[in-house]
Every structure is written in structure tokens, then in C-alpha cells.
Asker: 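Before anything else, here's the structure in question.
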There are 2 protein chains.
Amino acid sequence: MKRKSSSREEWAAQIAALDAPVVRKEPITVDRIVTTALALVETEGFAALTMRRVAAALGTGPASLYAHVRNKAALDDLLIGTLSRNVSVPTPHAARWRAQFVEVCGQLRDQFLRYPGIAQAALAAAPANLDTLRITEGLLGILLAGGVAPKPAAWAIDAALLYVSAYTVEASLRRHPDRAEDSRVVDRDEILARLRMLPVSRFPHTVEHADKLNSGEGHERFEFTLQLLLNGL
Amino acid sequence: MKRKSSSREEWAAQIAALDAPVVRKEPITVDRIVTTALALVETEGFAALTMRRVAAALGTGPASLYAHVRNKAALDDLLIGTLSRNVSVPTPHAARWRAQFVEVCGQLRDQFLRYPGIAQAALAAAPANLDTLRITEGLLGILLAGGVAPKPAAWAIDAALLYVSAYTVEASLRRHPDRAEDSRVVDRDEILARLRMLPVSRFPHTVEHADKLNSGEGHERFEFTLQLLLNGL
DNA sequence: CAGTTGACACGAACAGTGTTCGTCCGTAGA
DNA sequence: TCTACGGACGAACACTGTTCGTGTCAACTG
């Protein structure tokens with residue numbers, strides 16, 4: 001009972017606590033951290049994912065997070081693990097192996113695009129994470145069922161996952177250029193105009209085929225690339 | 001002459017300046033900044049590339065750099081521009097277009113690998129930079145000479161450059177894991193051991209072909225992927 | 001030759017980052 | 001009932017990119 005020297009503020013806080021004594025502040029868990037972090041990335045992009053901002057969204061300080069997550073890097077790993085868990089891998093169907101492969105990669109792509117810039121973390125954590133290994137396993141099953149030899153299959157999967165990450169990183173940067181205007185170009189017509197502006201003497205092919213260089217509606221280019229990879233197997 | 005209140009330190013500095021009055025401090029230029037930055041990245045990795053550290057290496061403070069470089073992002077762009085300028089694109093030879101394509105991509109890969117982690121900047125600045133456009137132009141010439149249609153050529157180039165960046169980013173992170181030991185695995189045998197440790201029930205294919213998953217000496221996988229892309233054209 | 005101008009260098013500061021230390025406290029076990 | 005322990009967290013450290021204002025030197029101008 002040595003708290004006889006409590007300040008006025010503490011006293012007021014104690015009185016205020018009388019109102020809601022039962023609804024104890026919900027404890028911080030890894031799940032709550034991950035959920036909050038994902039919401040933050042979804043609305044403000046990966047660059048805004050900060051220990052401080054996650055903590056603030058949880059109504060606490062940054063130090064509180066380190067009891068549940070070793071690192072910012074560890075948090076990133078958790079995020080891409082969660083995203084990977086959202087990808088469902090079908091049971092291999094020998095006749096449709098190409099379509100199945102593209103479909104799984106497309107799921108991953110959509111997950112990454114939903115949380116802009118998070119693929120940067122995926123590039124860092126690729127091989128270590130258990131949840132991404134589940135996807136690798138699934139893709140391997142699909143390719144093996146399609147009659148592809150193990151080694152080319154493994155290498156093609158690696159290339160495809162790398163491509164998915166790079167594709168989504170680039171797509172996110174194009175849409176979310178930090179501050180709407182600042183030397184970064186977003187508009188596609190603008191890019192086309194700049195390509196046409198190049199000196200024909202030094203960039204003959206680029207100028208001539210400028211329209212093809214940045215063409216492709218939706219994810220046409222994405223699927224084109226994957227088909228390219230698969231057709232070579 | 002209102003400097004009569006100079007402190008003792010200033011006085012000492014003035015005396016010291018008598019020794020070398022002619023060798024005026026070399027002015028800061030964009031070239032010196034780029035050279036210093038590249039040396040820094042080469043020895044300590046892209047994560048160590050800091051305005052402050054570049055400035056310190058030049059014997060000044062960070063504010064001095066902003067007279068020559070708008071941003072850290074602008075500096076990054078300059079760096080990958082310089083690296084791109086080191087890549088020499090051959091004049092297209094119709095019969096050897098595949099080899100030429102792979103060779104150019106290999107040059108770019110080696111540039112990126114020499115400066116660990118710098119490919120992260122390449123992923124961000126890809127389409128805007130003039131020097132990388134020179135490479136795109138060269139690759140386009142090679143593919144067109146090989147008889148590839150413009151649109152597939154353009155898309156394949158995009159995919160290949162994306163893959164080069166992703167490949168080098170991942171390779172750099174594997175070699176340079178921030179702090180030698182900290183949940184990140186470097187050793188290849190270690191990765192293999194961990195893959196074999198997986199439960200066979202859930203990861204049958206991964207366990208069975210673990211040795212193929214991370215096989216490939218040198219840049220075998222790199223060239224395999226590029227060949228895959230090219231064979232589909 | 002004297003004087004002004006303008007570009008560059010830079011010290012100091014601001015707002016923000018990841019991470020750690022030490023303290024508090026509430027709950028569970030003895 | 002007392003104790004130990006693990007989570008919560010305030011404060012601080014060492015950084016980051018960037019800006020403001022001041023200084024200082026060079027070259028052009030009258």
C-alpha cells in the first residue's frame with residue numbers, strides 16, 4: 001500500500017477505469033498484429049507498414065510488438081505467409097496442368113496486388129517460408145503430373161515465382177508512386193508519348209513499336225510470360 | 001572585418017588552412033557522388049547506401065548532396081543508369097539471336113551482382129530510365145533480327161528484364177543476409193537439409209526432389225530460364 | 001578595379017524509422 | 001497469501017531522408 005503519493009492524474013485514471021472494469025483491453029496477439037498490418041498495407045501500401053503505425057493502430061507503442069514478433073523482417077515473413085495460405089492449390093489433373101499452373105500463379109499475383117508493394121517482402125523471404133513451400137509443393141505436383149522432369153520443373157517453378165514477385169512489385173509501383181506527381185510517370189498514354197519522343201536515330205525499334213511495348217490489357221502480359229515458360233518444358 | 005570574435009577553434013582552423021591554401025577542396029559533382037555511391041554499394045551492399053554515408057565519404061554533410069541530386073530515388077536511378085551504360089549491346093546477328101540475347105542479359109546480371117542489392121532500385125526505375133531503354137532497344141533489335149514478331153518480342157524483353165532483377169535481388173539477399181546469422185539461411189547444404197526435414201505426408205514431392213530444387217552451379221538456372229523464354233517465341 | 005549577384009557548401013534541425021532497456025502490473029502457480 | 005513470470009509499454013538510442021537558412025567563394029557587371 002505504498003501508493004499514497006499517487007498524482008491527480010492517476011487518481012482520475014482510476015476513477016475513469018471504474019466505468020469499464022470488465023472489458024479488459026484485448027491482449028495483443030500475433031494474429032491481431034498480422035491483421036492490422038495487412039489492413040494497413042492494403043490501404044496505404046507497403047511503404048507505410050511501420051512498427052509504429054501498426055502499434056498505433058492497436059492503441060499501443062512500438063515496444064509492445066516485440067514481445068510477439070522478433071523483427072520487422074519477421075513480421076514481413078508472417079504477412080507473406082498469410083497471403084500464401086490464401087492461395088488454394090488444386091489436386092493435379094494431368095490433362096490441365098498448364099491451366100492449373102497459371103491459375104495458381106494468378107492467385108498469388110492477385111494476393112500480392114491486393115496489398116501494394118508487399119511483393120518486395122516476398123522477394124526477400126522466398127525460400128525460407130513454410131507457407132510458400134506449400135505452394136511450391138503444389139506447383140511441383142502439377143508439373144510432375146504433366147509429365148515434366150523434376151529438375152526442369154523445379155527450376156521453372158523458381159523462375160515463375162520470381163516473376164510473379166517482380167511483376168507485382170512493378171505493377172504496384174506504377175499505381176502507387178509515393179506522391180502522385182514527382183518525376184515518376186503513371187499514365188500509360190504518357191509513357192507512350194515519351195517513347196515516341198525518343199530520337200529515331202538511336203532508338204529506331206523502340207519508336208516504331210512503342211505501342212506494342214506497353215500494350216496488354218489486364219494481365220495479358222502476365223499470362224503470356226507464364227505460357228512462354230511452360231511451353232518450353 | 002566583423003570577425004573579431006572568432007573562437008579559438010576557428011583561429012586554429014585558419015592557421016591549419018595556411019598549410020594547404022592552394023589545394024582547394026575538390027567541388028562536389030554528380031559524377032563524384034555516383035562513383036562514391038557505387039563504391040559504397042559494392043563493398044557494403046545496397047542497404048548501406050545512405051545519403052549521409054555518401055556525404056561522409058565525400059567529406060561533407062548530407063545537405064550538400066541535394067544541390068546535385070533531387071532525391072535518394074534520383075540517386076538510385078543514376079546508379080542503375082550507370083550500370084546499364086556498362087552493358088554493351090552487340091549489333092544483331094540473325095543466326096545467333098538467342099545467344100546474343102542471353103549474353104546481354106548475362107552482362108546486366110553481372111553488373112547487378114557486383115553491387116549487391118542494387119537490383120531493388122532497378123525494379124523501381126525500370127521503364128523511366130533512358131539508359132535502360134538503350135538495352136531494351138538493343139534486345140528488341142536482336143529479337144526482330146531473329147524473326148520474332150514485335151509484340152511477343154516486346155513482352156518477352158519485359159519479362160526477361162524483370163527476371164534479371166528478381167534473380168539478382170534474391171541472389172544478393174542469399175549471400176548478404178544483413179547480419180551473418182539471424183533466422184536467414186545462407187548455406188546451400190543447410191537449405192537442402194531443411195527441405196529433407198519436411199513431413200513427407202504434406203510435402204512428398206519437395207522431399208523427394210529436394211536435391212533438384214536448389215541445384216544448379218553458377219548461373220545454370222539463370223540461363224535455363226532465359227532459354228525457356230526464348231524457346232517459346 | 002570595385003561591387004553585386006548567384007550558385008554552391010553546409011550546420012542544424014525536423015519528422016520519422018527499427019530496436020532495446022528497464023519498469024510496471026496482472027495473472028497463475030506454490 | 002506470497003511469489004514469480006511474462007506481457008505491456010514509456011523512454012531513449014542510433015539511425016534515416018529532407019529542408020531551411022546562412023555562409024562563402026567565383027564570376028560577371030558597371
Side-chain angles (χ1 to χ4, degrees), chain A residues 1-3 5-7 9-10 13-14 17 21-33 36-37 40 44-78 120-121 124 178-179 182-183, chain B residues 1-3 5-7 9-10 13-14 17 21-33 36-37 40-41 44-78 117 120-121 124 178-179 182-183:
Chain A
M1 296 295 188
K2 61 178 175 182
R3 69 175 55 196
S5 70
S6 59
S7 76
E9 296 174 0
E10 291 179 21
Q14 287 176 23
V22 196
V23 282
R24 301 199 46 72
K25 195 194 291 184
E26 205 159 343
I28 298 178
T29 63
V30 177
D31 278 335
R32 293 223 306 149
I33 293 177
T36 310
L40 190 59
E44 305 203 44
F46 183 68
L49 179 63
T50 288
M51 299 300 267
R52 286 180 145 83
R53 301 213 37 186
V54 173
L58 288 171
T60 180
S64 303
L65 304 182
Y66 285 83
H68 308 271
V69 167
R70 181 186 300 266
N71 254 350
K72 167 86 163 32
L75 175 56
D76 294 347
D77 276 23
L78 282 175
Q120 288 170 22
D178 284 28
R179 302 293 179 270
D182 189 35
S183 86
Chain B
M1 298 293 188
K2 61 178 174 180
R3 70 175 56 197
S5 72
S6 58
S7 75
E9 296 174 1
E10 291 178 22
Q14 288 176 23
V22 197
V23 283
R24 299 198 48 67
K25 196 195 290 185
E26 207 159 341
I28 298 177
T29 63
V30 177
D31 277 336
R32 293 223 304 149
I33 292 177
T36 310
L40 190 58
V41 174
E44 304 202 42
F46 183 68
L49 179 64
T50 288
M51 300 300 268
R52 286 181 144 81
R53 302 216 31 189
V54 173
L58 288 171
T60 179
S64 303
L65 303 181
Y66 285 83
H68 308 87
V69 168
R70 182 187 298 268
N71 255 350
K72 167 84 164 30
L75 176 56
D76 294 348
D77 277 22
L78 282 175
Q120 288 171 20
D178 285 27
R179 303 290 178 273
D182 192 33
S183 85

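Throughout, protein chains are lettered first and strands after them, A, B, ... in sequence-line order, and every chain is numbered starting at 1. No hydrogens, no waters, no symmetry mates; every other heavy atom, side chains included, goes into these values.
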Asker: Just the rounded figure in Å: distance from P of C/dT17 to CD of A/Glu44.
Answerer: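 After rounding, the gap between these two atoms is 11 Å.
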Asker: Could you tell me whether a side-chain N or O of B/Thr50 sits under 3.5 Å from a main-chain N or O of B/Arg53, the two making a donor and an acceptor?
Answerer: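 Judged by distance alone, no pair lies under 3.5 Å.
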Asker: How many whole angstroms separate atom NZ of B/Lys72 from atom P of C/dA15?
Answerer: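 Computing the B/Lys72:NZ to C/dA15:P distance gives 23 Å.
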Asker: Nearest-Å distance, CE (A/Met51) to C1' (D/dC13)?
Answerer: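 It works out to 16 Å between those atoms.
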Asker: Under 4.0 Å between a side-chain N or O of A/His68 and OP1 or OP2 of D/dG6?
Answerer: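 Result: no.
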Asker: Let me know, please, whether A/Ala48 or A/Ala63 comes out on the 5' side of the other along DNA chain C by nearest nucleotide.
Answerer: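 Nearest nucleotide further toward 5': that of A/Ala48.
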Asker: Could you check whether any side-chain N or O of B/Thr36 sits under 3.5 Å from a backbone N or O of B/Arg32, counting only pairs where one atom can act as donor and the other as acceptor?
Answerer: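 Checking the backbone N and O of B/Arg32 against the side chain of B/Thr36, a donor-acceptor pair under 3.5 Å is found.
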Asker: If you take all heavy atoms of A/Leu40 and A/Ala48, which pair is closest and at what distance?
Answerer: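 Distance-wise, the nearest heavy atoms are CD2-O, 3.5 Å.
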Asker: Can you tell me the distance, in whole Å, between the OH atom of A/Tyr66 and the C1' atom of D/dG10?
Answerer: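 That distance rounds to 15 Å.
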Asker: List the steps and the verdict of side chain to side chain contact (heavy atoms under 4.5 Å, CB included) for B/Arg70 and B/Leu75.
Answerer: CA-CA 8 Å; B/Arg70 182 187 298 268; B/Leu75 176 56; over 6 Å; no
Asker: Should the side chain of A/Arg52 and the base of C/dG16 be counted as holding a donor-acceptor pair, with the cut-off at 3.5 Å?
Answerer: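 A donor-acceptor contact between them is absent.
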Asker: Over how many whole Å does the gap from A/Ile33 atom CD1 to D/dG7 atom P extend?
Answerer: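 So the two atoms are 11 Å apart, to the nearest Å.
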Asker: Please state whether the phosphate of D/dA8, meaning OP1 or OP2, lies under 4.0 angstrom from any side-chain nitrogen or oxygen of A/Ser64.
Answerer: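 The answer is no; no side-chain N or O of A/Ser64 sits under 4.0 Å from OP1 or OP2.
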Asker: So, is B/Thr50 near the phosphate of D/dT16, with a side-chain N or O under 4.0 Å from OP1 or OP2?
Answerer: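 For D/dT16, OP1/OP2 do have a side-chain N/O of B/Thr50 under 4.0 Å.
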Asker: May I ask you to evaluate whether B/Thr60 reaches the phosphate of C/dA9, defined as a side-chain N or O under 4.0 Å from OP1 or OP2?
Answerer: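 Result: no.
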Asker: Expressed as a whole number of angstroms, how long is the span from B/Leu65:CG to C/dC10:P?
Answerer: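 Nearest whole value for this atom pair: 10 Å.
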Asker: Verify the contact: side-chain N or O of A/Asn71 to OP1 or OP2 of C/dT19, cut-off strictly under 4.0 Å; return yes or no.
Answerer: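 It does, given that an N or O in the side chain of A/Asn71 lies less than 4.0 Å from OP1 or OP2 of C/dT19.
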Asker: Among C/dT19, C/dA9, D/dT16, find the nucleotide with the atom closest to the side chain of B/Arg53.
Answerer: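 Minimum distance to the B/Arg53 side chain belongs to D/dT16.
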Asker: Nearest whole angstrom, please: distance from the C1' of C/dG18 to the CG of A/Leu75.
Answerer: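 Whole-Å distance recorded here is 12 Å.
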Asker: When you measure from the side chain of B/His68 to the backbone N and O of B/Ile33, does any donor-acceptor pair fall under 3.5 Å?
Answerer: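 Side chain of B/His68 to backbone of B/Ile33, a donor-acceptor pair under 3.5 Å: no, none is there.
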